[in-house]
*Asks:* 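First the structure, which I've put down as structure tokens, then a few questions once you've had a look.
In what follows, chains carry the letters A, B, and so on, assigned in the order in which the sequence lines appear, proteins first and then strands, with residues in each chain numbered from 1. Values reported hereafter were calculated over all heavy atoms of this structure, with side chains retained and with hydrogens, waters and symmetry mates removed. Remember, predicted model here, so these are calculated numbers, not experimental data.
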Amino acid sequence: MGLLDKRFENSNIVITKMDDLLNWARLSSLWYMQFGLACCAIEMMATGASHYDLDRFGAMPRATPRQADVMLVTGTVSIKMAERIKRLYDQMAEPRYVISMGSCANCGGPYWEHGYHVLKGVDRVIPVDVYIPGCPPRPEALLEGLIKLQEKIRKSSLVELKSHKSPSKADQHMAG
Amino acid sequence: MSPQEILNKLTEKFADAIVEAKVEGVLEPYAKVKVESIREISSLMRDDSDLQFDTLMCLSGMDYGKGILGVVYNLGSIAKKHKFTLKIEISVEAANVSSVESVWRTADWHEREAFDLFGIVFTDHPDLRRILLPDDWEGYPLRKDYQVQEFYHGMKVPY
């Protein structure tokens, strides 16, 4: 971390950049919205459980979009569900982030050709920050995706955040 | 009862309605019946004291190609421990079948599914709406000649 190290020496004064403080706060408490779509959600539950312990990254599930910072799209996005996902994303307060987990959410996965009911990638309705490949990705991959997102937040600045609408392709990170 | 005995019982009452039947050498013995008589036959299958088909195990829509649709009824009897299959065929132009929801309540959602994915209309069904797809979806996806729509509510559907 290094941000707040050794800055508490004699007084209670901390000197840092606003950007660094905000980014540190944001990346250290990435509360994710508690919802799952398919088998990837089972891996997400495994990641959240004690063995992989997602809580140690400051990520914990919130059952409402109003209190969530990051949306984990875990599974097949049916076209019927896509409109609900868009609405949930719109209900999240900014700054908000999206991790697309697994092949289905990335590009339609095995349903890409004949899945008339499947949205071929959740990035057709909401902007995605991190894509995690896999079918389904292992919990380690989800953890790495979360860490990639933390890296991305660490590099962001207030000026950028203000214009944070949809990330360009260059801003997107591939995990794994 | 053996499949042959079940078929004999059916033939006794509905000789004219049975188009085709096969009870030997098939995994699921079946009788293909005329579409007009499906509800009467279903009632008999349920109420006859020897048959007692108390369960509709599955109801499936079919597209046999060349404009022929079908419905398959897999019946089972918990009381008598036997099973039998009924089949009907209809043309795409007149895809109307009497609902058997009044005979087996199970048929309610099964028929809605067949309507949703094949466009088979079940007359006298109490609540015939799409069950899986959105209400304003275009077309019936499991038909052989189905072409997926390009956009749905502004979202591109094909890859």
*Asks:* Nearest 0.5 Å, please: how far is OH in B/Y152 from NE2 in A/H117?
*Replies:* 14.0 Å

*Asks:* Which heavy-atom pair separates A/R124 from B/Y159 by the least distance, and what is that distance?
*Replies:* NH2-C, 3.4 Å

*Asks:* Under 4.5 Å from any heavy atom of chain A, what part of B/V148 do you find: side chain, backbone, both or neither?
*Replies:* side chain

*Asks:* Are B/I90 and B/V72 in one and the same hydrophobic cluster, where Ile, Leu, Val, Met, Phe, Trp and Tyr link if side-chain heavy atoms are under 4.5 Å apart?
*Replies:* no

*Asks:* Where do B/M155 and A/V125 come nearest, in terms of heavy atoms and distance?
*Replies:* SD-CG1, 3.5 Å

*Asks:* If you measure from NZ on A/K86 to NE2 on B/H153, what distance do you get to the nearest 0.5 Å?
*Replies:* 14.5 Å

*Asks:* Please answer: with hydrophobic residues joined when any side-chain heavy atoms are less than 4.5 Å apart, are B/M57 and B/M1 in the same cluster?
*Replies:* no

*Asks:* Please indicate whether B/R105 has more than 12 foreign heavy atoms, meaning atoms of other residues, nucleotides or ligands, lying under 6.0 Å from its CZ.
*Replies:* no

*Asks:* Same cluster for A/W112 and A/V122 if Ile/Leu/Val/Met/Phe/Trp/Tyr side chains link at under 4.5 Å?
*Replies:* no

*Asks:* Check each atom of B/L132 against the heavy atoms of chain A and say whether the ones under 4.5 Å are side chain, backbone, both or neither.
*Replies:* backbone

*Asks:* Is it the backbone or the side chain of A/I79 that comes under 4.5 Å from a heavy atom of chain B, or both, or neither?
*Replies:* both

*Asks:* More than 12 heavy atoms of other residues, nucleotides or ligands under 6.0 Å from CD of A/Q67: is that the case?
*Replies:* yes

*Asks:* Test side-chain contact (heavy atoms from CB on, under 4.5 Å) on B/K156 and A/K120; report intermediate values, then the result.
*Replies:* CA-CA 8 Å; B/K156 190 163 176 264; A/K120 313 300 186 299; over 6 Å; no

*Asks:* State yes or no: do B/Y30 and B/F14 share one hydrophobic cluster built from I, L, V, M, F, W and Y residues joined by side-chain heavy-atom distances below 4.5 Å, directly or via other members?
*Replies:* no

*Asks:* Mind listing the closest non-hydrogen atom pair of B/L133 and A/Y116 along with its distance?
*Replies:* CD2-CE1, 3.9 Å

*Asks:* With the 4.5 Å side-chain cut-off for hydrophobic clustering, are A/V73 and A/L88 part of the same group?
*Replies:* yes

